[in-house]
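Just so it is clear: chains get the letters A, B, ... in the order the sequence lines come, proteins before strands, and each one is counted from 1.
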There are 2 protein chains.
Amino acid sequence: MPLTNQQLNEFEELGYLFIPDVFSPQEIQTLYGELPGIFAQDRVENVREKGTQSVRTSFAAHTFNQAFGYLGKHPRIINPVRQLLDGEVYMHQYKINAKAAYDGDVWQWHQDFGTWSRDDLMPEARAMNIAVFLDDVTEFNGALMFIPRSHRDGVHKAGHDLETTSYPLWTLDKDTVSRLVDEGGMVSPKGPAGSVIMFHSNLVHASPSNISPFNRTIVYLSLCHVDNHIRQFKRPEWIAHRDFTPIVPAADDCLMNLTRQSA
Amino acid sequence: MPLTNQQLNEFEELGYLFIPDVFSPQEIQTLYGELPGIFAQDRVENVREKGTQSVRTSFAAHTFNQAFGYLGKHPRIINPVRQLLDGEVYMHQYKINAKAAYDGDVWQWHQDFGTWSRDDLMPEARAMNIAVFLDDVTEFNGALMFIPRSHRDGVHKAGHDLETTSYPLWTLDKDTVSRLVDEGGMVSPKGPAGSVIMFHSNLVHASPSNISPFNRTIVYLSLCHVDNHIRQFKRPEWIAHRDFTPIVPAADDCLMNLTRQSA
């Protein structure tokens, strides 16, 4: 199902789209079942939270896990993104953000393109994120907070935060965030596992810590127009990919077939 | 207005009551206007957040500020608490928890009576908390999370957390919290400034950090039956009060009169 004109307008106006029920409970279960095996691996792609062994972010699982590989070329993701970015896309970054029960730490206010631009020399904000909920996201477990319309002013001034969490991030200052919230308000899309948020790479967002007993696992696919590929290879390949080949969408039932095979 | 039988039953069953619109916008404004002056004072009662100058908790403002003094003997608070605790009450602890925009840090899972019992030798859980919202409490600014029915099993095992935040607290372990949530679920009462939560001193609760641009100031009155006063004076007087005189409620318009005087 292609995005409607109304959805395209909403994305352009607000900077994001929330779509529930994109993936079925069975498809999510197939992905979820792979997590313990992935998180248990002792590999550089698994960045752990400060002071605990809980995985904060697992990078590039699409390169070494079949189910997450299918998710990385799933037509329900790739096709709408091709529509929004108007052309072929490649995978710039792929990560599972665990935000584990009790241990999941904050992500401070930031724009993703701010980092991609500064660290990877991505030319334009012709790239975006797809967030796939693997857990129900509720008011309790650290839901994302977005500032609608904050994608319209390009890249804001930011500082490189190397201390707050275990993962370096270019973060916005308080005055900028307060001003943007005054103008655009704040939203926090919540919904069951299988829901998807599509958001602009300049949309300002953050997420609080998770002190609840509920995990809040979200997979983020950062997709970029192939013409807009990064020019600088300072960060490791598993953080900022260097394969700019256009993604060929898999079949719509790719994950369901895996589910059937394992049943 | 005394609490109804239904409210008394709800408190007994769930461990808390949420009541919106207890104080008017004008009354809240009168209290709010005092905050900058109180927080700016360089006094031991102002405990600041780890690593910032933001006030985390301001203790005992009822002893040195007229408006907060009136709140501490306000009939809309004292009378229902007398009903719930069945007798005369005194002020065991009084605090303004700022949970300031951007800087407000987490309060880990705990029971208040767990601390009062261990640190102050309060004999029984015949004491309770009143939370008065001075800001709107929303999904964004670090709302309290309660585990309904968790007040029914007495004091749970706890560890003394001296590291997570700037204020020492007896906190519950993850397994206990998960078990209690499995049994009782979780709630997070939200509402406009002027709302009140009344909760049992054994009710397990926590609150996440506040990374939003919105302050989340709450005043907590911890009231104790006069017969149940503390027996040990290890903590400073401004944290665990030693004046066990029964509180005589002020007039219902005490705060409104202040508002009129300053207008």
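At distances below 3.5 Å, at least one donor-acceptor pair connects side-chain atoms of B:Trp109 with backbone N or O atoms of A:Ile211.
When heavy atoms are compared at a cutoff of 4.5 Å, B:Asp103 approaches chain A solely by way of its side chain, counted from C-beta outward.
We find the OG-CG distance between A:Ser209 and B:Asp105 to be 7.5 Å, quoted to the nearest 0.5 Å.
Taking 4.5 Å as the heavy-atom cut-off, none of the residues of residues 32-48 of chain A approach chain B. At a heavy-atom cut-off of under 4.5 Å, chain A is reached by B:Glu139, B:Phe140, B:Met145 from residues 131-155 of chain B, listed in order of number. Scanning residues 188-202 of chain A against chain B with a 4.5 Å non-hydrogen threshold yields A:Ser188, A:Lys190, sorted by number. Interface residues of residues 167-177 of chain A toward chain B, defined by a heavy-atom distance below 4.5 Å and sorted by number: A:Lys174, A:Val177.
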Inset, instruction - In sequence, state the C-alpha distance, the side-chain angles, and the governing distance for B:Val181 and A:Phe214, and then conclude on side chain to side chain contact (heavy atoms under 4.5 Å, CB included). - result: CA-CA 10 Å; B:Val181 171; A:Phe214 310 114; 3.6 Å; yes

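Your options are A:Ala206, A:Ser178, A:Ser207, and the one with the most heavy-atom pairs under 4.5 Å with chain B is A:Ser178.
Counting non-hydrogen atoms of neighbouring residues, nucleotides and ligands closer than 6.0 angstrom, the CD atom of B:Glu12 reaches no more than 12 such neighbours.
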